[in-house]
Number of protein chains: 2
Amino acid sequence: MQTMQKLKAVGVKPSITRIMIYDYIFSTKDHPNVDEIFITLKETLPTLSKTTVYNTVHLLKTHRLIKAYAMPNHEMRYDANLDVHAHFLCASCGQITDVLIDVCDIVQTVISENCIDETVITFHGTCSKCQTSV
Amino acid sequence: MQTMQKLKAVGVKPSITRIMIYDYIFSTKDHPNVDEIFITLKETLPTLSKTTVYNTVHLLKTHRLIKAYAMPNHEMRYDANLDVHAHFLCASCGQITDVLIDVCDIVQTVISENCIDETVITFHGTCSKCQTSV
DNA sequence: TACAAATTTGTATTCATTATAATTTATATT
DNA sequence: AATATAAATTATAATGAATACAAATTTGTA
């Protein structure tokens with residue numbers, strides 16, 4: 001489904017700025033923060049305002065087109081991959097990678113008394129690349 | 001083990017301020033942020049400085065006496081419960097509760113190529129109390 | 001083409017957090 | 001006990017992420 005259709009489907013006007021912001025988040029595998037999105041897109045949108053990026057990621061998040069992840073270093077990072085998955089966060093290089101994982105039987109233990117609609121799993125450690133460069 | 005011993009064991013001078021900050025985080029089940037710690041302890045430590053609270057939680061975190069959890073609303077919250085567990089975060093009331101969970105077989109799927117030293121699991125949803133007050 | 005609505009821009013403001021310097025407290029030494 | 005030194009705490013300034021706000025611009029419709 002094209003970005004324009006995705007935005008229209010949730011009632012968000014698909015302006016070029018919004019499409020580019022969403023496409024960047026969707027295509028990068030780096031879970032960017034607002035500053036990274038801003039710096040990257042400013043190359044092709046020279047008049048882009050940082051406030052627009054803040055407003056747009058908030059809009060996309062509110063309409064469940066992206067998800068926000070709060071990092072231990074106070075950064076807020078964004079992910080357009082809505083499939084159920086976990087993240088691996090390397091303490092050395094800061095890289096965040098998606099980890100496919102089945103959360104069904106994890107959720108079982110808490111679903112009996114609470115209503116769960118999302119499970120966030122983050123593995124902290126050292127990635128294989130940083131381990132070999134010690 | 002008493003707080004004073006815990007602090008000494010990791011090479012941290014067990015001043016009364018530090019003991020009280022640690023004890024508060026340890027005893028409360030609310031995973032407080034810096035502002036909550038500060039406001040609460042100011043009642044018994046009238047000259048307490050917010051900078052001291054920031055410095056002390058950073059010290060305790062660095063010495064692995066407490067853990068920090070970044071919340072979706074940008075808050076950084078602290079937990080002195082070092083046992084392996086997950087959290088349940090209620091989207092309605094904001095309450096964070098500990099959830100006992102076995103993460104061993106969750107870690108299996110990613111341990112083969114990365115070095116994992118911590119797994120953070122957060123369940124998002126609506127707690128039973130907020131469900132009944134709809 | 002005119003107009004209204006929406007989007008974007010740019011600046012000011014807020015607030016969490018850190019940096020810094022001064023003061024106070026604790027410890028070591030004489 | 002007094003003094004020197006180190007560490008802790010305090011208070012203020014500074015930083016930077018994020019939000020608020022008003023103005024300008026763009027888009028869509030009549």
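Throughout, a chain's letter reflects where its sequence line sits, starting with A, and its residues are numbered from 1.
Look at CG on Leu41(B): it is 16 Å from C1' on dT10(D), rounded to the nearest Å. The distance from atom NZ of Lys50(A) to atom P of dC21(D) is 21 Å, rounded to the nearest whole Å. Here the C1' atom of nucleotide dG10(C) and the NZ atom of Lys42(A) are 10 Å apart, to the nearest Å. dT17(C) atom P lies 14 Å from atom CD of Glu75(A), rounded to whole Å. Between the C1' atom of dA16(C) and the CD atom of Glu36(B) lies a distance of 14 Å, rounded to the nearest Å. Atom CE of Met71(B) and atom P of dA17(D) are 21 Å apart (whole Å). In this structure, Lys61(A) places its NZ atom 11 Å from C1' of dA18(D), rounding to the nearest Å. Between the CG atom of Leu7(A) and the P atom of dA6(C) there is a distance of 16 Å, given to the nearest Å.
OP1 or OP2 of dA19(C) has not a single side-chain nitrogen or oxygen of Thr51(B) nearer than 4.0 Å. Put simply, Tyr54(B) has a side-chain N or O that comes within less than 4.0 Å of OP1 or OP2 on dT17(C). Taking side-chain N and O atoms only, Ser15(A) has a distance below 4.0 Å to OP1 or OP2 of dT8(C). Regarding contacts with the backbone of dA6(C), every side-chain N or O of Arg18(A) stays at 4.0 angstrom or more from both OP1 and OP2. Phosphate proximity of dT9(D) to Ser49(B): absent, as no side-chain N or O sits under 4.0 Å from OP1 or OP2.
Side-chain proximity of Thr17(B) to the nucleotides dT9(D), dT8(C), dT10(D) is greatest for dT9(D). Checking dA17(D), dT8(C), dA18(D) against every side-chain atom of Thr52(A), the shortest atom distance belongs to dT8(C).
Annotation: His31(A) is in aromatic contact with His87(A) [ring centroid separation under 6.0 Å].
The backbone N or O of Leu59(A) sits less than 3.5 Å from a side-chain atom of His63(A), completing a donor-acceptor pair.
Residues Val120(B) and Ile101(B) fall into different hydrophobic clusters, defined by Ile, Leu, Val, Met, Phe, Trp and Tyr side chains chained together at heavy-atom separations under 4.5 Å.
Positionally, the nearest nucleotide of DNA chain C for Leu48(A) lies more toward the 5' end than for the other of His58(B) and Leu48(A). Taking the nucleotide of DNA chain D with the nearest heavy atom to each of Asp35(A) and Asn55(A), the more 5' of the two is matched to Asp35(A). Mapping His74(B) and Ile16(B) onto DNA chain D by nearest heavy atom places Ile16(B) closer to the 5' end of the strand.
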Practice prompt. Could you walk me through whether Asp30(A) and Arg77(A) pass salt bridge (charged side-chain N to carboxylate O under 4.0 Å, His left out), step by step?
Written response: CA-CA 9 Å; Asp30(A) 292 335; Arg77(A) 290 189 166 273; over 6 Å; no

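Gly94(A) approaches Leu89(A) most closely through the heavy-atom pair O-CD1, 3.6 Å.
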